[in-house]
Enquirer: 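Provided herewith is a single structure, encoded as structure tokens, for subsequent inquiry.
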Amino acid sequence: MSSIAIIGAGPQLGLAVARTFGSQGLDVALISRNRTKLDELVGMLTSEGITAAAFPADVLDRAALTQALKSAAAHFGGIDVLEYSPLDQLNATDLTTPANTDPSHVQHELEFQLYGAITATRAVLPAMREAGTGTLLFTTGARSVNPQPPTANINAAAAALRNWTINLHKELADTGIQAAHIGIDATIGTPTFYGQARVTADRIAPVYWDLHTTHRDQAERIFRA
């Protein structure tokens with residue numbers, strides 16, 4: 001049985017991606033900080049006939065994240081798809097403009113976005129290489145492509161993750177493993193953010209399935225509402 005590990009699983013995009021892949025027969029490993037919230041999501045998915053399990057871990061704790069993915073792989077017999085889209089706490093970092101950005105303002109975002117993604121990839125990629133197949137999907141906001149001054153520090157880290165993902169796609173060409181970046185130019189389930197359109201997560205989730213199944217040659221997809 002195939003499985004997907006969703007890092008940053010929550011009630012919006014994570015749940016929508018879980019439903020999209022789970023409805024196609026994949027088992028679902030949910031990874032995020034809050035065990036109670038994960039158990040709620042597992043209960044929802046289970047009631048819909050989707051096999052799911054919770055593996056709590058903070059992406060800032062590299063050892064814990066690695067162990068969560070190893071536990072998920074052992075539980076489900078492997079991880080075929082990795083989806084990385086953690087959402088940071090609103091008060092975790094100050095938003096800075098380019099001129100007011102200090103290296104410390106970017107460091108937390110790099111740890112959260114880029115280094116967490118690298119850690120997760122290192123945990124699952126060896127088995128994918130051995131199997132000759134797999135999918136690695138990494139999510140940022142579209143400001144990774146078109147940055148805006150009010151969120152310069154977040155944009156810089158997101159751009160770094162985008163760059164690394166596209167480069168990973170190139171490296172993995174002809175290995176059977178897909179790596180792709182999804183940039184979301186929309187606000188999901190909350191009031192609009194800096195003029196972005198508001199959408200529901202179920203409109204975005206099919207993009208992930210498409211990159212996993214139909215357009216494995218694509219390194220990037222930008223979702224615009």
Side-chain angles (χ1 to χ4, degrees), residues 6-17 30-34 36-38 41 56-62 64-65 68 82-121 136-168 179-205 207-208 219-225:
I6 300 173
I7 300 177
Q12 298 289 344
L13 182 61
L15 179 59
V17 171
L30 301 175
I31 300 173
S32 70
R33 291 176 291 245
N34 191 308
T36 300
K37 292 181 179 179
L38 284 179
L41 295 178
D58 189 330
V59 298
L60 295 175
D61 186 336
R62 297 177 199 171
L65 178 57
L82 173 74
E83 193 277 315
Y84 187 87
S85 57
L87 182 64
D88 208 354
Q89 298 175 359
L90 292 177
N91 60 352
T93 187
D94 295 325
L95 302 180
T96 62
T97 65
N100 291 322
T101 298
D102 181 85
S104 63
H105 296 140
V106 182
Q107 184 60 38
H108 171 80
E109 291 301 319
L110 285 172
E111 293 278 353
F112 191 79
Q113 297 194 59
L114 178 62
Y115 301 162
I118 291 173
T119 299
T121 300
L136 304 161
L137 302 172
F138 304 93
T139 306
T140 72
R143 299 300 183 236
S144 61
V145 180
N146 180 27
Q148 298 296 321
T151 53
N153 55 326
I154 294 176
N155 298 167
L161 175 55
R162 173 182 181 254
N163 179 289
W164 178 81
T165 301
I166 293 173
N167 213 11
L168 180 63
H181 166 252
I182 298 94
I184 300 175
D185 191 8
T187 300
I188 304 173
T190 61
T192 186
F193 186 70
Y194 290 110
Q196 289 180 319
R198 181 176 176 178
V199 300
T200 55
D202 62 308
R203 285 186 56 195
I204 305 173
V207 171
Y208 294 78
E220 180 172 60
R221 186 77 62 84
I222 306 300
F223 176 89
R224 294 183 173 88

Enquirer: What residues, two or more places apart in sequence or in another chain, satisfy side chain to side chain donor-acceptor pair (under 3.5 Å) together with Asn100?
Expert: Thr97

Enquirer: List the atom of Arg143, the atom of Asn146, and the distance in Å for their closest heavy-atom pair.
Expert: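 For Arg143 and Asn146, the tightest heavy-atom pair comes out as CD-O, 3.2 Å.
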
Enquirer: Could you tell me which non-hydrogen atom of Pro149 sits nearest to which non-hydrogen atom of Pro98, and how far apart they are?
Expert: O-CD, 3.4 Å

Enquirer: Can you classify the ring geometry of Phe138 versus Tyr84 as parallel (below 30°), tilted (30 to 60°) or perpendicular (above 60°)?
Expert: tilted

Enquirer: Of the non-hydrogen atoms in Leu110 and Ala157, which two are nearest, and what is the gap between them?
Expert: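 Heavy atoms only, the tightest pair is N-CB, 3.7 Å.
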
Enquirer: For Arg62, which residues count as a side chain to side chain contact (heavy atoms under 4.5 Å, CB included) partner, sequence neighbours excluded?
Expert: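 Per chain and number, Arg62 pairs via side chain to side chain contact (heavy atoms under 4.5 Å, CB included) with Glu111, Tyr115, Thr119.
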
Enquirer: Can you tell me how far the CG atom of Leu60 sits from the CZ atom of Arg33, to the nearest 0.5 Å?
Expert: 7.5 Å

Enquirer: Sequence neighbours excluded, which residues qualify as side chain to side chain contact (heavy atoms under 4.5 Å, CB included) partners of Thr101?
Expert: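 Expected list: Thr96, His105, Val106, Ala152, Asn153.
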
Enquirer: First locate atom CD of Gln107, then atom CG of Asp102, and finally report the distance between them rounded to the nearest 0.5 Å.
Expert: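 Going from CD on Gln107 over to CG on Asp102, the span is 10.5 Å.
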
Enquirer: What's the verdict on side-chain contact (heavy atoms from CB on, under 4.5 Å) for Arg162 and Val145, showing C-alpha distance, side-chain angles and the deciding distance?
Expert: CA-CA 8 Å; Arg162 173 182 181 254; Val145 180; 3.3 Å; yes

Enquirer: Who passes side chain to side chain contact (heavy atoms under 4.5 Å, CB included) against Asn163, sequence neighbours left out?
Expert: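 For Asn163, no residue satisfies side chain to side chain contact (heavy atoms under 4.5 Å, CB included) once neighbours in sequence are set aside.
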
Enquirer: For Ala57 and Ala68, work out which heavy atoms get closest and say how close.
Expert: CB-CB, 3.7 Å

Enquirer: Sequence neighbours excluded, which residues qualify as side chain to side chain contact (heavy atoms under 4.5 Å, CB included) partners of Thr140?
Expert: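 For Thr140, the residues satisfying side chain to side chain contact (heavy atoms under 4.5 Å, CB included) (neighbours in sequence not counted) are Gln113, Ser144, Ala158, Leu161, His181.
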
Enquirer: Tell me the closest heavy-atom pair linking Arg203 and Phe223, and the distance in Å.
Expert: O-CE1, 3.6 Å

Enquirer: Hey, could you give me the CD1/CG distance between Ile7 and Leu137, rounded to the nearest 0.5 Å?
Expert: 11.5 Å

Enquirer: Quick one: list whatever passes side chain to side chain donor-acceptor pair (under 3.5 Å) with Tyr208, sequence neighbours left out.
Expert: Thr139

Enquirer: Closest heavy-atom contact between Leu95 and Pro150?
Expert: CB-O, 3.6 Å

Enquirer: Got a second to check how far Thr36's OG1 is from Leu41's CG, nearest 0.5 Å?
Expert: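 These two atoms lie 11.0 Å from each other.
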
